[in-house]
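One structure is given here, and the rest of the page talks about it.
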There are 2 protein chains.
Amino acid sequence: MRNRFRPQAAKTIVHGSKNPGQRRERMKKVNIRELAQVLNISVATVSKALRDSHEISAETKKKVVEMAALLNYTPNPHASSLRKKNSKTIGVILPKVADNFFSLAINGIQSIAESKGYHLLIYLSHDKFINEKLIVADCGSGRVDGILISISGDTETAEHLRQLNEENIPIVFFDRDFDGFDTARVITNDRECGYMAGKHLVEKGMQRPVFLSISSSLPICKERAEGFEQAIRESGIVASPAYQPVLYCEGSDEAIFEQIKTIISQQDGPDAVVASVEKIALQVYMACQELGIHIPAALKVIAFSTLETAPILNPSLTTITQPAFEIGKTAAEILFKGIEKKNFDLKGEKIILPSRLIERASTQ
Amino acid sequence: MRNRFRPQAAKTIVHGSKNPGQRRERMKKVNIRELAQVLNISVATVSKALRDSHEISAETKKKVVEMAALLNYTPNPHASSLRKKNSKTIGVILPKVADNFFSLAINGIQSIAESKGYHLLIYLSHDKFINEKLIVADCGSGRVDGILISISGDTETAEHLRQLNEENIPIVFFDRDFDGFDTARVITNDRECGYMAGKHLVEKGMQRPVFLSISSSLPICKERAEGFEQAIRESGIVASPAYQPVLYCEGSDEAIFEQIKTIISQQDGPDAVVASVEKIALQVYMACQELGIHIPAALKVIAFSTLETAPILNPSLTTITQPAFEIGKTAAEILFKGIEKKNFDLKGEKIILPSRLIERASTQ
DNA sequence: CTGAAAGCGCTAACAT
DNA sequence: ATGTTAGCGCTTTCAG
């Protein structure tokens, strides 16, 4: 293992150095008592002065703040959290971070959190309920003041969330919500967009357009698929008996890739596909490249995606683009309402930020 | 504002509901004392039992664990952190999250953190030193047990990091390091790759290849640029007086885009460019598309990038691809050595994980 | 306006 | 093997 690396600087040898025993003992960080001692005032006064309490004289405040800066004092967040019963932290639970949508959403969330002086604890469920459950449990007991979650693909119960609700920790869904749990959700108009995608392909004269879904339980996929199916039904396409408007690709990335190749290369296969998520779109492109299937001549492609590179793909990709940043931002804003206003009720809040279809060469 | 939204479910009204005063008071989470009380044993025993201490009988342990599960007890992390003086949390400071490199790096970091039972606090500096400084200060006083940082583009001092070092919080650089601060760093072979890029273009017969840098101070850019220049020098290209092998694009995204357009469209402009970072590559493609410059016929392009879509771009993009996941993973592994082994010295640790040049159509 | 003191929930040293 | 107790560093009544 080690020989993969090429250390370029010799490792400094410190064992047996001059000052044994003082290395690595976490250096005594100055605490509020010491700060008070130096100033010859009480800790209570210091504490209040630092929090800019009105019951402290301007003069004292100044002295305290200056000395704090001088001694590089910063309050211990754990002590403070323990006492105040809040953490100034929110938990963000995502299926993955490698999807551009989630990167953008994190930016939106971060922009709000930063302005509120909150910290962001990020968790990845890797799209597995089993992980999500552990993570949610970890967020309990005051570790976070609120949770923003995009549910995993195979979550089928909300018991874990209910648990947290017991503790009165506000939860907001963003993008991927869960029907069986009533709390605020910030999502996009998935059904409508599925319909738009279907309509767009029908208008292009497609006869066997197929929606490639990754989950039959995930609301975003279900909604998109249903909207799509409705468009197909309304179109009056005379279906051959073998034609299925919605197909499922499940399993590992490799498995999905194989399924896609099978689907698009078969006799009487689709003449157009809708990728339900970004990953599927890339795999369709890769598959077409590998199999020599021409987009859009032999296969038209639309993808639900926020891919920045959509306009410069070969060919450029028609997308239904979610307002990812805004979704993250809005979800965070609502969460903070729930955190700050003790009597703000998140139940029933449902905000829908619309996505847009951007036509490019892949459906020309 | 509100009318952009379409609430689909009526908002449940709870004001003045049956049980006033108990709503939204954070419900009394059961704590260790209550758990002990219920079991008729001491808190010390409960604490030890839950931590699987050897000085507790198997029988007692079982009882405790079962009751804890039943009452849904989870220890308060702040109390525990305060007492134990650790947080089981590491801070990750990134310039941004929208670059694919950092998404992948986070995955690598997360994979290690998860296996160690650590939490991940993520901070975005937006590539500004002023933010970075605040963030680093925030990480002090025990909020995190260690820091993974990819330095911002305009950081020119390490005072803020030194401050943390006083507290003996281990710090590991990944990808973007800072020369003036001695700690572990996990980077890639930037100079060598710059050289490879230059060599590759020279071999293709290019006469005026240009390296597009985004910073003259950021080590990764400097190294890449220097390697590139060396390749050009060695190539024996007879430079016209106007030819500059390294050009800088700085400012906002829009400003950079304009600069790029100017550079590639000018008389005797470059016949090839190397994009120092992912963002520049996309902008070069966009610019070429807009200006009708053909890649690779009129302009060859190489990019330092981990873009997944590189193979399906138009044309497919020759990249120098960093092992982003491994860099994150390795950095986290080293950090944990620093956290766990009190006498492990991070100074002088320097691990270089090589990138690879992958030739595609943009330099054909 | 300032200070003394209680205690948030937990862990660990020190009994028993 | 189990229990008692003293804090970790801070905030917050409550008194002065």
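No hydrogens, no waters, no symmetry mates; every other heavy atom, side chains included, goes into these values. Naming: A, B, ... by sequence-line order, numbering from 1 per chain.
- Sequence neighbours left out, the pairs with a member in residues 116-127 of chain B that pass salt bridge (Lys or Arg N to Asp or Glu O under 4.0 Å) are B:K116-B:E340, B:D127-B:R176.
- Contacts of residues 58-73 of chain A with DNA chain C (heavy atom under 4.0 Å): A:T60.
- For B:K85, the listed nucleotide lying nearest its side chain is D:dG9; candidates were D:dG9, C:dC10, D:dA1.
- What separates CZ of B:R143 from C1' of D:dC10 is a distance of 14 Å, to the nearest Å.
- A rotation axis mapping the C1' atoms of four pairs onto the next four is fitted at both ends of the helix from C:dC1-D:dG16 to C:dT16-D:dA1 over five pairs, and the angle between these axes is 40° to 10 degrees.
- Side-chain atoms of A:L121 and A:I90, non-hydrogen and from C-beta on, never get closer than 4.5 Å to each other.
- The nearest whole Å value for the distance from the CD atom in B:E34 to the P atom in C:dG9 is 8 Å.
- Evaluation of the salt bridge (Lys or Arg N to Asp or Glu O under 4.0 Å) test over residues 59-82 of chain A, restricted to residues two or more places apart or in two chains, returns A:D52-A:K61, A:K62-A:E66.
- If you take CZ of A:R33 and P of D:dC10, they are 9 Å apart, rounded to a whole angstrom.
- B:N86 places its CG atom 11 Å from the C1' atom of C:dT11, with the value rounded to the nearest Å.
- For B:E167 and D:dG9, the CD to P distance is 12 Å, given to the nearest whole Å.
- Between B:E159 and B:R162 there is a salt bridge, with a side-chain nitrogen of the basic residue lying less than 4.0 Å from a carboxylate oxygen of the acidic one.
- Within residues 35-50 of chain A, the residues having any heavy atom closer than 4.0 Å to DNA chain C are, in order of number, A:I41, A:S42, A:A44, A:T45, A:K48.
- Remark: B:I130 pairs with B:K128 by the side-chain contact (heavy atoms from CB on, under 4.5 Å) rule, at least two apart or across chains.
- Under the rule for a side-chain contact (heavy atoms from CB on, under 4.5 Å), the partners of A:N76 that lie at least two apart in sequence or sit in another chain are A:H78, A:A79, B:L82.
- At the phosphate of C:dT11, OP1 or OP2 sits under 4.0 Å from a side-chain N or O atom of B:R51.
- Applying the ring-ring contact (aromatic ring centres under 6.0 Å, His included) test to every pair with at least one member in residues 156-177 of chain B, sequence neighbours left out, gives these pairs: B:F129-B:H160.
- D:dT2 atom P lies 13 Å from atom NE2 of B:H54, rounded to whole Å.
- Among C:dG9, D:dT2, D:dC10, the nucleotide with an atom closest to any side-chain atom of B:N31 is C:dG9.
- Checking D:dG9, D:dT2, C:dG9 against every side-chain atom of B:S57, the shortest atom distance belongs to D:dT2.
- Although no hydrogens or angles enter the test, the distance criterion places a donor-acceptor pair under 3.5 Å between the side chain of A:S115 and the main chain of A:I112.
- Listed by chain and residue number, B:K48, B:S53 satisfy the side-chain contact (heavy atoms from CB on, under 4.5 Å) test with B:E55 (two or more places apart in sequence, or in another chain).
- Here A:D177 pairs with A:R185 under the salt bridge (Lys or Arg N to Asp or Glu O under 4.0 Å) rule; sequence neighbours left out.
- Between B:E55 and B:L82, the residue anchored nearer the 5' end of DNA chain C, judged by the nucleotide with its closest heavy atom, is B:L82.
- Take B:T45 and apply the side-chain contact (heavy atoms from CB on, under 4.5 Å) test, not counting sequence neighbours, and it matches B:I41, B:S42, B:I56, B:T60.
- In terms of the ring-ring contact (aromatic ring centres under 6.0 Å, His included) criterion, residue partners of A:Y118 (sequence neighbours excluded) are, by chain and number, A:F336.
- Atoms NZ (B:K84) and P (C:dA13) sit 13 Å apart, rounded to a whole Å.
- The distance from atom CD1 of B:I56 to atom P of D:dT2 is 6 Å, rounded to the nearest whole Å.
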